[in-house]
Each structure stands twice: as C-alpha cells, then as structure tokens.
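All values reported here derive from a predicted model rather than from experimental measurement.
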Amino acid sequence: MNNIIQQICENYISEVLDFFGGRELRKIDEIEKNLKEKTDKYLREIIKVYLEGIDEAIAQDKVNRAKKGYVVERKADKREIYTVFGNLEFNRRYYKNKLYGQYEYLLDKAVGIENYDRVSGTVSAALVEYATEVSYQKSSKYVCNGDISRQTVKNKIRQVEGLKIEAPKEKIKVKYIHVEADEDHVSLQDGTNTIVPLISIHEGIVRNGKRGKCINIHHISSYGKSIDELWQQAAEWIYTCYDEDSIEKIYLHGDGAAWIKKGLEYLPKSYFVLDKYHLNQALKEVSCGDEMLCAKLKDAIDEADKEYFKQLCREIRSRTESESGKEKIERLRRYILKNWEGVAIYQDYNSMGSNTEGHISHVLSYRLSSRPMGWSRSGLRSMAELRAYHCNGGIVESKHIKKTQDSYRLTKKTLVQVTSSFKKVSRERLNNITVLNYGKVSQLSRLLKNVRNSGYIF
C-alpha cells in the first residue's frame with residue numbers, strides 16, 4: 001500500500017511539472033482546466049486507495065468481526081459513487097451476518113455510503129441547493145455536468161430533513177411585529193390545482209428610495225401540514241426570537257381568508273390588517289376603470305368611513321344595469337364589511353408595511369408556479385419547505401440528507417493500520433521523490449518541495 005500511495009503522488013507531481021515544463025505559454029483558462037482534471041484524478045486515486053485500505057483492515061480484524069457475527073461472503077465487489085472530484089470507483093468485500101442473516105458492505109457503512117446511492121452526501125446537498133433555484137435537469141448540469149439523472153435529484157430532495165434556522169442567541173426587543181400570510185396556486189401532476197400557504201414574519205420595512213426591505217424577515221411554508229401546525233410554528237418562532245413583554249402589537253396581514261384569520265388565535269396581541277394589494281384589486285374590478293369612482297372608494301376605506309362606503313356601493317349598484325355587475329358590487333360590499341376591522345386599523349400608522357404578494361412571488365411562485373409544471377404532493381411539500389429555508393438564508397448540507405442505515409464502527413487499531421501508511425509516505429518517502437531533486441529550480445518546484453518537506457499530501 002505504501003508503494004501505491006507513493007507512486008500516485010509521484011505521478012501527480014510529475015504530470016504537473018511536465019505541464020508547466022513545456023516550451024509553450026500556458027493561458028490561465030488552460031491552467032485551470034488541466035490542473036483541475038489532474039488534481040481530481042489524483043484525489044480519486046488517493047481516495048480509492050484509502051477506501052480499499054479500510055476494507056482490507058476490516059477483513060483482517062477477524063476478532064472484532066467475529067463478535068458481531070460478520071464473515072466474508074464475496075471479495076472485490078465493484079462500487080461507483082459520484083463525488084465532488086468526479087466518478088469514484090473502488091472494490092470492497094460483501095459480508096454476511098450469521099447472527100441476523102443480513103448481508104452488508106461493511107466499508108460502505110463505515111464511511112457513510114448509503115445502499116444504492118449514486119452520489120455522495122456533499123454532491124447530494126449541492127444538487128438539492130441548486131434545485132431550489134432551477135429545474136432538476138439544470139441542477140444536475142451545474143453540479144455534475146449532467147451525469148446524474150433528474151430522478152436522482154428528485155429523490156435527494158425527498159430525503160431532505162432537519163431544515164432549521166437557528167434563532168438569535170438573545171431575544172430581540174421590538175414594539176411591533178408584522179406577520180403576512182398568503183398562498184400560491186400550484187398545479188399538480190394529476191391536473192388539479194392546490195394552494196401552498198406562506199407565512200412571513202418581520203419587524204417592519206426600511207425604505208431605500210422607492211425600494212423597501214423587510215427587517216429580519218423569516219418565512220414559513222409547507223404543503224400537507226395542517227393550518228394549526230403552521231401557525232403553531234409561527235408562534236414558536238416569534239416567542240423564541242422576541243421578548244414577549246416588549247411586544248405591543250402583532251399585525252396580521254392577509255386577504256381575510258379563514259386560514260389566515262386562524263392566526264389570531266395563536267398570536268396574542270395580534271390585530272388583523274386587510275392586505276391592500278387584494279383590496280385594491282377588488283376596488284379596480286368594481287369601478288370598471290372609472291378612476292374617480294375608484295378614488296372615492298379608496299377614500300372611504302382609508303378614512304374608515306363605513307357609512308360612506310355603503311352609500312357609494314348603493315350608488316354604484318343603482319347605476320349598474322346588468323345582474324352580473326350588481327352581483328360583483330354586492331360581493332365587494334360583503335367582502336369589505338366582513339373584514340372591516342382590517343380596514344379600520346389603517347388609521348393606526350404602525351399597521352402599514354404589507355408585501356404579501358411580493359413574498360409569494362419571491363419565495364414560492366419563483367420555483368413552484370411561474371413556469372408550466374406539475375408537482376407531486378410529496379415533491380411539493382419538500383420544495384415549499386426548501387424554498388422557505390433557502391430564502392431565510394439557510395444552506396443545505398450533507399447532514400440534511402436523510403441516512404437510512406447504521407454505521408459500522410472501526411476499532412482504533414484497525415484505523416491506525418490504514419492511516420499509518422499515509423503518514424509513512426508523507427514523512428519518509430516523499431522526501432526521496434526523484435523529480436524534485438534534480439532539474440532547474442523554479443517557483444513551482446520550490447512550492448512542491450515546501451509541500452513535500454512539510455509532510456502534507458495535496
């Protein structure tokens with residue numbers, strides 16, 4: 001094993017020196033491309049030696065294996081797995097557990113490779129991270145040059161778990177908190193449509209010219225969870241992050257849907273605010289392009305003058321000839337009066353600051369419904385939660401990819417048997433690499449000698 005490691009290292013260094021040792025000028029793009037290919041190949045070869053060394057050490061550890069009931073069933077079974085360095089191939093032994101009658105690859109269990117996995121945990125996390133922004137196919141292209149199928153990307157997304165944004169260490173003291181709730185309309189694979197709820201929590205909006213930015217915004221979304229679960233999650237976030245005694249009001253913004261008003265039961269000190277985006281849409285529809293009429297309706301609402309609003313509705317209805325037009329006006333009247341408490345609160349200046357439709361567009365529609373596609377129910381739930389996590393600043397890591405099998409623990413003696421081979425090569429044999437002990441001295445040769453003499457393998 002020592003000789004194999006040394007030969008791999010010597011070959012790599014020789015290839016690098018030969019690349020720069022030619023008489024032609026190397027362009028930066030060429031340098032990057034060639035050195036990455038050579039380095040990835042070198043690292044795959046080193047990893048292969050390491051893994052097969054671990055496999056050999058497990059096989060030689062007969063006493064420890066006998067206690068656990070493992071005997072060798074087959075040797076040299078081939079395994080491939082796609083890593084950040086490219087496609088890795090290695091061989092390992094297949095074991096039978098005489099105590100339980102199970103068959104397992106102990107090397108895979110020891111180093112954390114799941115059964116039937118085609119990609120490593122790090123690559124899986126990268127595929128999922130990209131898939132929150134682009135299609136499964138593009139995710140594979142960006143991460144693996146398209147070598148991994150869309151189905152594999154989809155499977156990895158469904159294996160994600162434990163997405164959690166850590167709350168601040170110290171509770172924040174604020175007087176007002178804004179909670180915005182809305183839903184995205186998404187197409188399913190069976191041809192039907194469904195809604196995906198989104199709850200956004202922030203401390204208000206800071207303006208920079210015409211643009212506004214929500215302060216410390218946090219999104220919550222999922223599909224298939226009950227509304228009570230979502231509001232419970234929102235309440236827990238608020239009372240984990242914020243000092244409850246300092247909160248004077250929680251403004252709940254929305255279009256008045258029953259599931260949105262349900263949040264009032266979970267958020268003490270909360271007041272409903274009718275979202276102006278949906279309100280203005282309704283006013284424009286009823287006024288049929290009459291700007292003067294629309295302005296009067298807005299004035300009545302902004303001033304919370306219920307009687308004036310009723311009067312305007314009666315006047316509009318009396319001038320409307322069609323029954324469908326009259327019904328439209330009646331629907332608007334009922335809608336506004338049903339949510340009048342959410343209109344009257346406009347008099348409270350601190351209630352301003354809703355951007356529900358913008359959050360839906362940015363968090364959910366961007367990936368779920370802006371392009372023609374159909375989602376499975378399980379895939380929709382995973383992606384909705386991933387989008388919220390991503391927009392909260394979270395990064396998907398290998399620890400978020402669900403593991404289904406237990407690990408096989410190596411004894412310290414078994415591990416040292418493998419690692420000692422690498423230490424011997426780095427401390428003894430690399431000092432005798434011929435290619436570094438002759439020829440013209442250059443900046444590159446000095447660098448490689450420093451690496452060699454420091455005892456590092458790269």
Taking C-beta and beyond as the side chain, do Glu183 and His185 meet within less than 4.5 Å on heavy atoms? yes
Has the side chain of Thr419 got a donor or acceptor atom that lies under 3.5 Å from a matching backbone atom of Leu415? yes
Ile28 side, atom CD1; Glu32 side, atom CD - distance, nearest 0.5 Å: 5.0 Å
Just wondering, more than 12 heavy atoms not from Arg381 lying within 6.0 Å of its CZ? yes
With distance as the sole criterion, is a donor-acceptor pair present between the side chains of Asp77 and Tyr94 under 3.5 Å? no
Full working for salt bridge (Lys or Arg N to Asp or Glu O under 4.0 Å) between Glu73 and Lys98: CA-CA 11 Å; Glu73 181 74 9; Lys98 295 193 297 183; over 6 Å; no
Interatomic distance, OG@Ser382 vs CD@Gln159, rounded to 0.5 Å, equals 10.0 Å
Flag if over 12 foreign heavy atoms under 6.0 Å of OH, Tyr82: yes
Under 3.5 Å: donor-acceptor pair, side chain of Asn339, backbone of Tyr335: yes
Within the 4.5 Å heavy-atom criterion, are Ile172 and Asn216 side-chain neighbours or not? yes
I'd like to know if the side chain of Ser420 reaches the main chain of Val416, judged simply by a donor and an acceptor atom lying under 3.5 Å from each other, with no hydrogens or angles considered. yes
Can you tell me how far CH2 of Trp231 sits from OH of Tyr266, rounded to the nearest 0.5 angstrom? 10.5 Å
Do Lys68's NZ or CZ and the ring of Tyr100 fall within the cation-pi criteria of under 6.0 Å and 45°? no
Given the side-chain rings of His218 and His202, with only the six-membered ring counted for Trp, is the space between their centroids under 6.0 Å? no
Quick one: pull up CG in Leu88 and CD in Glu45 and give me the separation to the nearest 0.5 Å. 10.5 Å
Kindly compute the distance separating OG1 (Thr39) from CZ (Phe85), expressed to the nearest 0.5 Å. 10.0 Å
Are the side chains of Ile177 and Tyr242 in touch, meaning some heavy atoms are under 4.5 Å apart? yes
Working for salt bridge (Lys or Arg N to Asp or Glu O under 4.0 Å), residues Asp29 and Lys33: CA-CA 6 Å; Asp29 293 343; Lys33 181 177 182 295; over 6 Å; no
Are the side chain of Ser226 and the backbone N or O of Glu229 linked by a donor-acceptor pair below 3.5 Å? yes
Going by ring-ring contact (aromatic ring centres under 6.0 Å, His included), name the pairs with one or both residues in residues 373-405, residues two or more places apart or in two chains. Tyr389-His400
How would you list, by chain and number, every residue that makes a side chain to side chain donor-acceptor pair (under 3.5 Å) with Asp61, sequence neighbours excluded? Asn64, Thr414
Salt bridge or not between Glu80 and Lys78? Use side-chain N to carboxylate O under 4.0 Å. yes
Salt bridge between Asp147 and Lys141, side-chain N to carboxylate O under 4.0 Å? no
Glu180 side chain to Ser200 backbone, donor-acceptor under 3.5 Å: no
Are the side chain of Arg367 and the backbone of Ala131 linked by a donor-acceptor contact shorter than 3.5 Å? yes
Check: Arg409 main-chain N/O paired with Ser407 side-chain donor or acceptor under 3.5 Å: no
Ionic contact status for Asp40 with Arg44, cut-off 4.0 Å: no
Go through the steps for Glu133 and Tyr366 under the test side chain to side chain donor-acceptor pair (under 3.5 Å), then give the verdict. CA-CA 8 Å; Glu133 295 279 348; Tyr366 173 82; 3.2 Å; yes
Do Ser140 side-chain atoms and Gln137 backbone N/O form a donor-acceptor pair below 3.5 Å? no
Going by side chain to side chain contact (heavy atoms under 4.5 Å, CB included), name the residues that satisfy it together with Asp184, two or more places apart in sequence or in a different chain. Val186, Ile360, Leu364, Ser365, Leu368, Ser369
In chain order, what residues pass the side chain to side chain donor-acceptor pair (under 3.5 Å) check against Ser221, with sequence neighbours excluded? none
Any non-hydrogen side-chain atom of Asn355 less than 4.5 Å from a side-chain atom of Tyr277? no
Mind checking side chain to side chain contact (heavy atoms under 4.5 Å, CB included) for Ser378 and listing every partner two or more places apart, or none if nothing turns up? Arg158, Ser376
Tyr70 and Tyr408 aromatic ring geometry - parallel, tilted or perpendicular at 30°/60° bounds: perpendicular
Given side chains that start at C-beta, do those of Glu10 and Gln7 come closer than 4.5 Å, heavy atoms only? yes
Between Thr132 and Arg387 (side chain of the first, backbone of the second, donor and acceptor by atom type, cut-off under 3.5 Å), is there such a pair? no
Does a side-chain heavy-atom distance below 4.5 Å link Trp237 with Ile199? no
Should we count NZ of Lys261 as having more than 12 external heavy atoms under 6.0 Å? yes
Backbone N/O of Ile148 and side chain of Thr152: donor-acceptor pair under 3.5 Å: no
Using a cut-off of 6.0 Å, state whether more than 12 heavy atoms not belonging to Leu99 lie near its atom CG. yes
Residue from Lys75, Lys48, Arg93 passing salt bridge (Lys or Arg N to Asp or Glu O under 4.0 Å) with Asp55: Arg93
All side chain to side chain contact (heavy atoms under 4.5 Å, CB included) counterparts of Glu170, not counting sequence neighbours: none
Under the salt bridge (Lys or Arg N to Asp or Glu O under 4.0 Å) rule, collect the residues that match up with Glu24, sequence neighbours excluded. Arg26
Got a sec, which pairs hit salt bridge (charged side-chain N to carboxylate O under 4.0 Å, His left out) with one end in residues 101-120, sequence neighbours left out? Arg79-Asp108, Arg92-Asp108, Glu104-Lys109, Asp117-Lys156
Rounded to the nearest 0.5 Å, what's the gap from SG on Cys391 to CG on Leu386? Could you check? 10.5 Å
Within the structure provided, determine whether Phe422 and Tyr50 are in side-chain contact (heavy-atom separation under 4.5 Å). yes
Sorted by chain and residue number, the salt bridge (Lys or Arg N to Asp or Glu O under 4.0 Å) partners of Lys403 (sequence neighbours excluded) come out as none
Does any part of the side chain of Ile113, heavy atoms only, come nearer than 4.5 Å to the side chain of Phe90, both counted from C-beta? yes
With sequence neighbours excluded, residues passing salt bridge (Lys or Arg N to Asp or Glu O under 4.0 Å) with Glu129: none
According to salt bridge (charged side-chain N to carboxylate O under 4.0 Å, His left out), does anything in residues 264-283 pair up with another residue at least two apart or in another chain? List the pairs. Lys262-Glu265, Lys276-Asp302
Among all residues two or more places apart in sequence or in another chain, which pass the side chain to side chain donor-acceptor pair (under 3.5 Å) test with Lys399? none
